[in-house]
Amino acid sequence: MKVVVIGGTGLIGSRVVAKLRDEGHDAVPASPDTGVNTLTGQGLEDVLQGASVVVDVSNSPSFEEMAVMNFFTTSTRNLLRYAATAGVRHYVALSVVGTERIPDSPYLRAKNAQESLIKSGGIPYSIVHATQFFEFMKRIADEATDGTTVRLPPVLIQPMAADDVATAVAKIAVSTPLNGIVEVAGPQQFRFDELIRQDLRERHDSRTVVTDPHARYFGAELAERSLVPGKDARLGEIRLEDWSHRPALAK
Ligand SMILES: NC(=O)c1ccc[n+]([C@@H]2O[C@H](COP(=O)([O-])OP(=O)(O)OC[C@H]3O[C@@H](n4cnc5c(N)ncnc54)[C@H](OP(=O)(O)O)[C@@H]3O)[C@@H](O)[C@H]2O)c1
């Protein structure tokens, strides 16, 4: 099966391409690096020729409010249009657990807009909601840093390894479209502030994590369960301690 992976050179995309190829599929990575730009439409017609499935695991280079909204809405409109013309039968996109309940976050508002376009786009689809990647912990700390202090709320989080995300996305890509959302998450829950405190300690990073119930996460205040999935989530296998100690998994 020909599967075009938009963002196929990124953290998740490169793993999705490798896993699909291991299963014998014709997985084609597409990104500006390979001459495909979903913002302009460049290269889309060519790369989508003969494709049965499109997997969108691209990400906006900027998380600034206007830029990120423009990225996900413009790229998704273009992709839906070219995919429909090419006769694509399954449109898969990666989004974030809790997207619909955290409207104060400009990034998640943009992901919500992306999802709405897909739902009304006319192509059978599957939307995968993943929790925060282990690989994203440093970016989370940097975003929450003021001087040498990192402020984070004492809410629950159930992060997962990029490798487990890619396994789930690759499997869903070659299955029947769900025309709905599936949640994927890691096998363990943590308290957000404690997780990042532990991660910084392991990186020998001297910043101090301060527990602050009102600290904002990419612009949004969080409730106790904002970031964790429902009971039907598919759980990954890789535990945080295994990921931390296996350099091949940690990138
Ligand atoms: N981080 C998390 O914890 C988390 C949690 C749940 C869901 N997600 C979702 O996971 C997805 C993938 O994240 P990631 O960390 O794998 O991203 P990433 O490593 O930053 O990769 C982004 C990819 O998007 C491509 N891209 C950027 N602009 C493009 C454009 N105009 N046209 C086509 N491709 C473009 C990049 O290509 P170049 O390298 O060529 O620029 C790259 O291949 C995102 O949609 C995000 O919302 C993330």
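When a ligand or atom number is given, it counts from 1 through the structure's own listing order. Quick caveat: nothing in here was measured; it's all calculated off a predicted structure.
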_Selection residues 196-211 - residue pairs positive for salt bridge (Lys or Arg N to Asp or Glu O under 4.0 Å), sequence neighbours left out_ =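 Passing the test, one end in residues 196-211: D142-R207, D199-R203, D205-R207.
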*Any donor and acceptor pair, going by atom type alone, linking the side chain of E115 with main-chain N or O of I127 inside 3.5 Å?*
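The answer is no, because no donor-acceptor pair under 3.5 Å joins these two groups.
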*Can you check whether G186's main-chain N or O pairs, donor with acceptor, with Q158's side chain at less than 3.5 Å?*
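At least one qualifying donor-acceptor pair exists.
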For a distance cut-off of 3.5 Å, show me each N or O of ligand 1 paired with any protein N or O, plus the separation.
unit_1: ligand 1; atom_1: 3 (O); unit_2: F133; atom_2: N; d: 2.9
unit_1: ligand 1; atom_1: 16 (O); unit_2: I12; atom_2: N; d: 3.0
unit_1: ligand 1; atom_1: 19 (O); unit_2: L11; atom_2: N; d: 2.8
unit_1: ligand 1; atom_1: 24 (O); unit_2: N59; atom_2: N; d: 3.2
unit_1: ligand 1; atom_1: 31 (N); unit_2: N37; atom_2: OD1; d: 2.8
unit_1: ligand 1; atom_1: 32 (N); unit_2: T38; atom_2: N; d: 3.0
unit_1: ligand 1; atom_1: 32 (N); unit_2: T38; atom_2: OG1; d: 3.0
unit_1: ligand 1; atom_1: 39 (O); unit_2: T9; atom_2: OG1; d: 3.4
unit_1: ligand 1; atom_1: 40 (O); unit_2: S31; atom_2: OG; d: 3.1
unit_1: ligand 1; atom_1: 40 (O); unit_2: D33; atom_2: N; d: 3.2
unit_1: ligand 1; atom_1: 43 (O); unit_2: G7; atom_2: O; d: 3.3
unit_1: ligand 1; atom_1: 43 (O); unit_2: T9; atom_2: OG1; d: 2.7
unit_1: ligand 1; atom_1: 43 (O); unit_2: G10; atom_2: N; d: 3.1
unit_1: ligand 1; atom_1: 45 (O); unit_2: S58; atom_2: O; d: 2.8
unit_1: ligand 1; atom_1: 45 (O); unit_2: K111; atom_2: NZ; d: 2.9
unit_1: ligand 1; atom_1: 47 (O); unit_2: Y107; atom_2: OH; d: 2.5
unit_1: ligand 1; atom_1: 47 (O); unit_2: K111; atom_2: NZ; d: 3.0

*Neighbour count above 12 (heavy atom, 6.0 Å) for K171 NZ*: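 No.
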*Mind checking salt bridge (charged side-chain N to carboxylate O under 4.0 Å, His left out) for E143 and listing every partner two or more places apart, or none if nothing turns up?*
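Partners of E143 by the salt bridge (charged side-chain N to carboxylate O under 4.0 Å, His left out) criterion come out as none, since no residue qualifies.
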When the side chains of residues 227-235 are checked against the rest of the protein, which donor-acceptor pairs come out under 3.5 Å, sequence neighbours left out?
none

